[in-house]
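Written out below as structure tokens is the structure these notes cover.
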Amino acid sequence: METKPEKSLNFIHEIIEEDNKTGKFGNRVHTRFPPEPNGYLHIGHAKSICLNFGTAEKYNGLCNLRFDDTNPVKEDVEYVDSIKEDVHWLGFDWQGREFYASDYFETLYGYAELLIKKGKAYVCALSIDDIGKFRGTVTHAGQESPYRNRTVDENLDLFRRMRAGEFADGAMVLRAKIDMAHPNMLMRDPILYRILHAEHHRTGDKWCIYPMYDFAHGQCDSIEHITHSICTLEFEVHRVLYDWFVKELEIYAPQQIEFARLNLTYTVMSKRKLLELVQGGHVKGWDDPRMPTICGLRRRGFTPGSIRNFADIIGVAKRNNVIDVSLLEHCLREDLNKKALRKLAVLNPLKLVIENFPEDEVEEMDAVNNPEDPETGMRKVPFSKYLYIDEEDFMENPPSKFFRLSPGNEVRLKYAYIIKCTDVIKDDNGKITEIHCTYDPETRSGLPQSNRKVKGTIHWVSAKHAIEAEVRLYEQLFLKENPEEVEEGEDFKANMNPNSLQIKNCFCEASLKEVKSGEKFQFERQGYFCVDPDSTSERPVFNRTVTLKESKAKTQK
RNA sequence: UGUCCUGUGGUGUAAUUGGCAACACGUCUGAUUUUGGUUCAGAAGAGUUCAGGUUCGAGCCCUGACAGGACAACCA
């Protein structure tokens, strides 16, 4: 019997299966995730991580973690540490195959000399501006550098002296000798090495010349015997250059495959812009829960599984895309719904007095921990005469479709009694300060009378037993689906949502007193919340990860 | 006025490689529900950028337009 694949293959896996059929790489699948350690990873990287590690997993292959650290002035160990943490957190392991472009500096240097000896590279002393000018434009050919025809010996000597530190930064560069009229700008004698007297986070001051990304990336893949070098679309035009290097150097040739990077509605994804948000103080840091960074999402309360599932669902293709953030939220809720323990918490407290309930009596109510997972059992929550309910759950003059509490109407208190509103107390300004109700003792949850139909069920917390906590409610960071859509003269920051963070004091059930940073809960009827590291034993802090899905009827007041 | 890449419901991804467009999210109904959540049932929404061509038959092949994206850092 034939086993049919449940899901159709994405175009990359199709290529791989074809390669496996033809034996192109000896049925090997070896990918890599190659970040530059110059910033924090974001959800776009997560797509790439899932693709690279996931592909290796799928085909019983390997996936390396390789840091593209060819620019010492921008890179730092802080970033390599965070990247490793994030990849692990997502659930992937490189099994010790942690490599660095800087591991190959000596080999790369050798490649450069080889090119010089073949007459395919030369040392150019044109200024940075002149190199730009000589390059021509996208529609017009460039012109050749006056240094282009130096002898091999001269080039070799100069290049060795570059390495030896005889020249100042920017004095000269090593260039490939290809074609200054090539329609692809990258082929117009690209720079291979530049002089940079800078301390490298791994090699220290061993080098004062560093390879350019283009001269490093493809060869690093080659050195590691990567079979499929999966990268984003903007490197499509670089592929001919990489192929040129591989051919001239006569080294192992990986196959580069480009895919479209992830874009999400209501967010920005470029490292530069994220950095701007951090440095401009628009958010509290890289791990601000509003950031699309992996660490931000983690702090917000996302689960690795939900992100992996998301990456799987969005698929991989070559056309530019913008994924609706609601899909990400859907994956999140789907995961959290199954796992998060339910709790009662009141975000906008409104006092409620049950007039016919004995003054000092406390009843212990049975509450379900997670209806999606019976294994999690039950817990007790205290009930008393004085409660808090949520402001939104009461309306003095409700529309017909309002299911919650209003004067003269009944509502069920979750896990407790059916109550009826008898009175509304207001202050001098007419603001409602207190609701008075009566309860029906026959309707306690579990009793036969509790099955009586009422329109709605609301959550509550006993005033005397509740603990206080801080909640941080988040909305999208930007008001427009596409934050780049701005008036002339403005930039994406003009679209920032002034209400993306709202901090509140809330009352929650006492069992939330002892919580650990990172723990996730569902506050019933409100959303999923995650314990923030800012929590203290005195005062827990909860981040609202995402609201529950809300029907229109509930949202409209 | 160059090169390369890409055009399928609102969004994303499919379509057994030429056989009358499917799945998911979103939207909207209805049922169930002690979460206006979950679950369940159902609906609307594209005729595949356009125009030609090949073919009994084209989203898939060919030609030509058009549209969008990428590329001119001693960044990656």
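Heavy atoms only: backbone and side chains are in, while hydrogens, waters and symmetry mates are out. Treat the numbers as computed from the prediction; the structure is a model and nothing was measured.
Among the heavy atoms of the strands lying under 4.0 Å from F235(A) is at least one base atom, whether or not backbone atoms are also near. In this structure, E329(A) reaches neither bases nor backbone, as no heavy-atom distance under 4.0 Å exists between it and the strands shown. Residue contacts for E236(A): at a heavy-atom cut-off of 4.0 Å it reaches the sugar-phosphate backbone alone, with no base atom in range. No contact: M172(A) has no heavy atom under 4.0 Å from any strand. Here L126(A) lies in heavy-atom contact (under 4.0 Å) with a base. Across all strands shown, R412(A) has heavy atoms under 4.0 Å from base atoms, whether or not it also approaches the sugar-phosphate. No engagement by N184(A) is indicated, since no non-hydrogen atom pair under 4.0 Å with the nucleic acid exists. Residue contacts shown for P34(A) are absent, as no nucleic acid heavy atom lies under 4.0 Å away. Among the atoms of the strands shown, base atoms are found under 4.0 Å from some heavy atom of L548(A). Residue contacts for G446(A): at a heavy-atom cut-off of 4.0 Å it reaches a base atom on one of the strands shown. Among the heavy atoms of the strands, none lies under 4.0 Å from V73(A). E36(A) comes within 4.0 angstrom of the backbone, heavy atoms only, and of no base. As judged by a 4.0 angstrom heavy-atom cut-off over every strand, R342(A) is placed among the base-contacting residues. Nucleic acid contact for K318(A): sugar-phosphate only, since backbone atoms but no base atoms lie under 4.0 Å from a heavy atom of the residue.
The pair E484(A)-K273(A) counts as a salt bridge, with a side-chain nitrogen and a carboxylate oxygen less than 4.0 angstrom apart. The residues R194(A) and D169(A) are annotated as not salt-bridged, no charged nitrogen and carboxylate oxygen being separated by less than 4.0 angstrom. In this structure, R239(A) pairs ionically with E258(A), as a charged nitrogen and a carboxylate oxygen lie closer than 4.0 Å. Using a 4.0 Å cut-off between charged nitrogen and carboxylate oxygen, R66(A) and E224(A) count as a salt-bridge pair. Salt bridge absent: E392(A) and R404(A) never bring a charged side-chain N and a carboxylate O closer than 4.0 Å.
Across every strand in view, U35(B) sits unpaired, with no contact that passes the Watson-Crick or G-U test at under 3.5 angstrom. Checking A22(B) for Watson-Crick or G-U wobble geometry (two distances, each under 3.5 Å) identifies U13(B) as its partner. When Watson-Crick and G-U wobble pairs are counted only if both distances are under 3.5 Å, A70(B) pairs with U3(B). Pairing partner, U63(B): A51(B), with both Watson-Crick or wobble hydrogen-bond distances short of 3.5 Å. Pairing for U27(B) is with A43(B), a Watson-Crick or G-U wobble pair whose two hydrogen-bonding atom distances lie under 3.5 Å. Base pairing of U8(B): no nucleotide in any strand meets the Watson-Crick or G-U wobble criterion (both distances under 3.5 Å).
Checking the phosphate oxygens (OP1, OP2) of U34(B), no side-chain nitrogen or oxygen of R444(A) falls inside 4.0 Å. For the pair R194(A) and A76(B), the criterion of a side-chain N or O lying under 4.0 Å from OP1 or OP2 is met. For U3(B), the OP1/OP2 oxygens have no side-chain nitrogen or oxygen of T139(A) closer than 4.0 Å. Close to G36(B), at under 4.0 Å from its OP1 or OP2, lies a side-chain N or O of R525(A). At the phosphate of U35(B), neither OP1 nor OP2 sits under 4.0 Å from any side-chain N or O atom of H459(A). The side chain of K453(A) contributes an N or O atom lying less than 4.0 Å from OP1 or OP2 of U34(B).
The side chain to side chain donor-acceptor pair (under 3.5 Å) analysis of residues 365-376 of chain A, with sequence neighbours excluded, yields the pairs R342(A)-N370(A), D366(A)-K380(A), N369(A)-R379(A).
One interatomic measurement links the two molecules: CG of N337(A) to P of U39(B), which rounds to 7 Å at whole-angstrom precision. Atom CG in L264(A) sits about 17 Å away from atom P in C25(B), given to the nearest Å. Between N263(A) atom CG and U11(B) atom P there is a gap of 14 Å when expressed in whole angstrom units. Distance, H238(A) NE2 to U3(B) C1': 13 Å, rounded to whole Å. Taking atom CZ of residue F11(A) and atom C1' of nucleotide U17(B), one finds them 17 Å apart after rounding to whole Å. Here the P atom of nucleotide A70(B) and the CG atom of L241(A) are 20 Å apart, to the nearest Å. Summarising the geometry, the separation between CD1 on I195(A) and P on A73(B) is reported as 20 Å, rounded to the nearest angstrom.
The side chain of K549(A) lies closest to G37(B), out of C75(B), G37(B), G36(B). Distance from the side chain of F403(A) is smallest for G36(B) among the nucleotides A15(B), C25(B), G36(B). Here U35(B) is the nucleotide among A73(B), A76(B), U35(B) with the atom lying nearest to any side-chain atom of K414(A). When each of A72(B), C74(B), U17(B) is scored by its nearest atom to the side-chain atoms of M185(A), the top-ranked nucleotide is A72(B). Closest to the side chain of E14(A), out of G12(B), U17(B), C71(B), is U17(B). Minimum atom distance to the side chain of V237(A) is reached by C71(B), of the listed C71(B), G37(B), A76(B). The side chain of S450(A) lies closest to U34(B), out of A14(B), G12(B), U34(B).
Nucleotide G37(B) is shown with an anti base, its glycosidic torsion being more than 90° from 0. With its glycosidic angle more than 90° from 0, U39(B) adopts the anti conformation.
Looking only at atom types and distance, the side chain of E410(A) has no donor-acceptor partner in the side chain of Y439(A) under 3.5 Å away.
Taking D440(A) as the reference, R452(A) meet the salt bridge (Lys or Arg N to Asp or Glu O under 4.0 Å) condition, with sequence neighbours excluded.
Remark: the Q526(A) side chain and the U35(B) base include no donor-acceptor N/O pair separated by less than 3.5 Å. You'll find a donor-acceptor pair under 3.5 Å spanning the side chain of R319(A) and the base of U8(B), going by distance alone.
Between W207(A) and F105(A), the ring planes lie perpendicular to each other; the angle is over 60°, past the 30° to 60° tilted range.
Comparing the same atom, P, in U38(B) and in A24(B) gives a spacing of 15 Å after rounding to whole Å.
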